[in-house]
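Right, one structure below, let's go through it.
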Amino acid sequence: MHAQDTTALEAGFQATVAADQRIEPRDWMPDAYRASLIRQIAQHAHSEIIGMQPEGNWILRAPSLRRKAILLAKVQDEAGHGLYLYAAAETLGVDREELTEKLIGSRQKYSSIFNYPALSFADIGVIGWLVDGAAICNQVPLCRCSYGPYARAMIRICKEESFHQRQGYELLLSMVKGTDAQRLMVQESVDRWWWPSLMMFGPPDGDSPNTLQSMEWGIKRHTNDELRQRFVDMAVPQAEVLGVTLPDPDLRWNPERGSYDYGEPDWAEFKAVLKGSGPCNSERLARRRRAHENGAWVREAAMAYAAKQAGRAGQADGTGQADRALDPANEEATV
Ligand code: BYC
């Protein structure tokens, strides 16, 4: 392609982003934009899938049928989010199988938060309140991301995340109205999840290599620190209603800024978790790897079925329409 053509395409891309319109899969985009989106969307999809593990571990131990049904629905939602996101990544020319191989080979990241264990049932409430609460703060702006398929996936995901956050908060409200032991359980859980939740927003702005470019491209709309602050300001009054203490002695209202000041997360711990040394990194990946291996027969059967269908279609005169219409499996597939 001539340099002149590329310049015109680049200008078209920049104009679309500047006008706050969406880039679609058929549109020209810079290679680096494509690569950065694949990086972020893949990491996001992996987080949803790995994120099923800490809560999934409590489904069989939920204390009532109602709590079990809610938790089951939530964990299923996370699987759905992962699938929307893998589908969004595929529009950029990567294959889901390839992304899964990168995840289980530790060549792509997933959110640091899922490398912490869920040790009590209060953790189910706190994950909903703080982890899903942080996810909402981070993800609502992504509904306006410049890449159409990602932005549209985020709209559906955010609606469900909002239900997730509420179910967590409602669970905690029930627990804090219960016995002293339940209140202690909630406080102990908040103490463990508060700092890791703040780390979900990523490194401080000064140490975030991707933010500036991502914001120029309209992928990210706010910096990591801006969203972290928004989350703190949202969580503090909610903690007051619950009657729990957030484990940060530096947390106080700053009337000049109109926001809460808060302490510094332990960034050495964050880096260690990203490098694979968190409390559950190896367990999470081993479980994901096992699930992938155990599902191999399903993928093989689906591929064999698709090949058989394609073969039959090829045999039919010209179009293969007759064979497809006669096959009852096709009726099922289109329902
Ligand atoms: N954990 O330059 P930066 C959920 C990486 S799941 C791990 O600031 P960026 C849920 C970052 O990737 C919600 N890695 O990056 C599911 C980069 O590494 P690479 C998950 C992190 O992209 C189940 C490096 O550090 N949400 O809600 O500008 C149950 C430098 O960072 C983390 C998303 O994925 C981290 N916390 O900003 C319940 C949201 N932070 O790639 C709930 C989508 C940073 O250069 N993602 N890194 O090797 C984003 O919004 C952005 O990618 C981030 C990071 C804010 C996370």
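We count ligands from 1, going down the list as the structure has it; atoms in each ligand are counted the same way. Nothing fancy with the numbering, it's 1 onward along the sequence.
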Within one Ile-Leu-Val-Met-Phe-Trp-Tyr cluster: V241 and L251, side-chain cutoff 4.5 Å: yes

Sole candidate of Y110, F114, Y86 that passes ring-ring contact (aromatic ring centres under 6.0 Å, His included) when paired with H46: Y86

For atom 32 (C) of ligand 1, closest protein heavy-atom neighbour: F270 CZ, 3.7 Å

Per-atom contacts of ligand 1 with S208, taking only distances under 4.0 Å to non-hydrogen atoms: 2 (O), 3 (P), 8 (O)

Aromatic centroids of F231 and W194 separated by under 6.0 Å: yes

Check: R96 main-chain N/O paired with E90 side-chain donor or acceptor under 3.5 Å: yes

Plane angle bin for F13 and W28 - parallel if under 30°, tilted between 30 and 60°, otherwise perpendicular: perpendicular

Proximal ligand 1 atoms for P209, defined as those under 4.0 Å from one of its heavy atoms: 2 (O), 30 (C)

Step-by-step side chain to side chain donor-acceptor pair (under 3.5 Å) determination, Q165 to E161: CA-CA 6 Å; Q165 204 248 1; E161 293 293 10; over 6 Å; no

Structural part of I113 in contact with ligand 1, heavy atom criterion under 4.0 angstrom: neither

Numbered atoms of ligand 1 (with element) below 4.0 Å of G51, judged on heavy atoms: 23 (C), 29 (C)

Closest approach of any protein heavy atom to atom 27 (O) of ligand 1, naming residue and atom: A135 CB, 3.1 Å

Side chain, backbone, both or neither: the part of L274 lying under 4.0 Å from ligand 1 by heavy atom: side chain

Sub-3.5 Å N/O-N/O distance, E48 and ligand 1: no

Protein heavy-atom partner closest to atom 40 (N) of ligand 1 - residue, atom, separation in Å: G202 CA, 3.1 Å

Identity and distance of the protein heavy atom lying nearest atom 50 (O) of ligand 1: N138 ND2, 3.1 Å

Short N-O contact, D31 and R34, less than 4.0 angstrom: no

Whether S111 lies under 4.0 Å from ligand 1, heavy atom: yes

Separation of T100 OG1 from R299 CZ (nearest 0.5 Å): 8.0 Å

Geometric class of the W267/F270 ring pair [parallel <30°, tilted 30-60°, perpendicular >60°]: perpendicular

Which residue and heavy atom of the protein sit nearest atom 10 (C) of ligand 1, plus the separation: F114 CZ, 3.4 Å

Verify atom 53 (C) of ligand 1: protein non-hydrogen atom under 4.0 angstrom away: no

Proximal ligand 1 atoms for M200, defined as those under 4.0 Å from one of its heavy atoms: 36 (N)

Taking atom 45 (O) of ligand 1 as the reference point, the nearest protein heavy atom with its distance: N210 ND2, 3.2 Å

Check ion pair R257-D233 (N to O, under 4.0 angstrom): no

E283 and R287: CA distance, side-chain angles, deciding distance, salt bridge (Lys or Arg N to Asp or Glu O under 4.0 Å) verdict: CA-CA 6 Å; E283 180 188 327; R287 190 150 176 205; 5.9 Å; no

S214 N/O to ligand 1 N/O under 3.5 Å: no

Inter-residue atom distance S111.OG - E48.CD, 0.5 Å rounding: 9.5 Å

Subset of ligand 1 atoms that lie under 4.0 Å from at least one heavy atom of M199: 36 (N)

R192 bridged to D123 by N-O distance under 4.0 Å: yes

Part of I127 within contact of ligand 1 (heavy atoms, under 4.0 Å): neither

Contact check, E55 vs ligand 1, heavy-atom distance below 4.0 Å: yes

Nitrogen or oxygen atoms of F201 and ligand 1 under 3.5 Å apart: no

Joint hydrophobic cluster, I127 plus I136, side-chain heavy atoms closer than 4.5 Å: no

Interfacing atoms of ligand 1 (cut-off 4.0 Å, heavy-atom, Y150): 43 (C)

Distance from atom 20 (C) of ligand 1 to nearest protein heavy atom, with residue and atom: S47 CB, 3.7 Å

Which segment of K220 sits under 4.0 Å of ligand 1 when only heavy atoms are counted: side chain

Option set E161, Q40, R39, K74, criterion heavy-atom distance to atom 51 (C) of ligand 1, minimum: Q40

Heavy-atom nearest neighbour in the protein, as seen from atom 18 (O) of ligand 1, with distance rounded to 0.1 Å: K109 NZ, 3.1 Å

Under 4.0 Å to a heavy atom of Q139 - the qualifying atoms of ligand 1, by number: 13 (C), 26 (N), 27 (O)

Side-chain ion pair, R230 and E226, N-O less than 4.0 Å: no

Enumerated ligand 1 atoms positioned under 4.0 Å from heavy atoms of Y110: 1 (N), 7 (C)

Nearest-0.5 Å distance, CD of residue E24 to CE of residue M29: 9.0 Å

Test of proximity, S112 against ligand 1: N or O pairs below 3.5 Å: yes

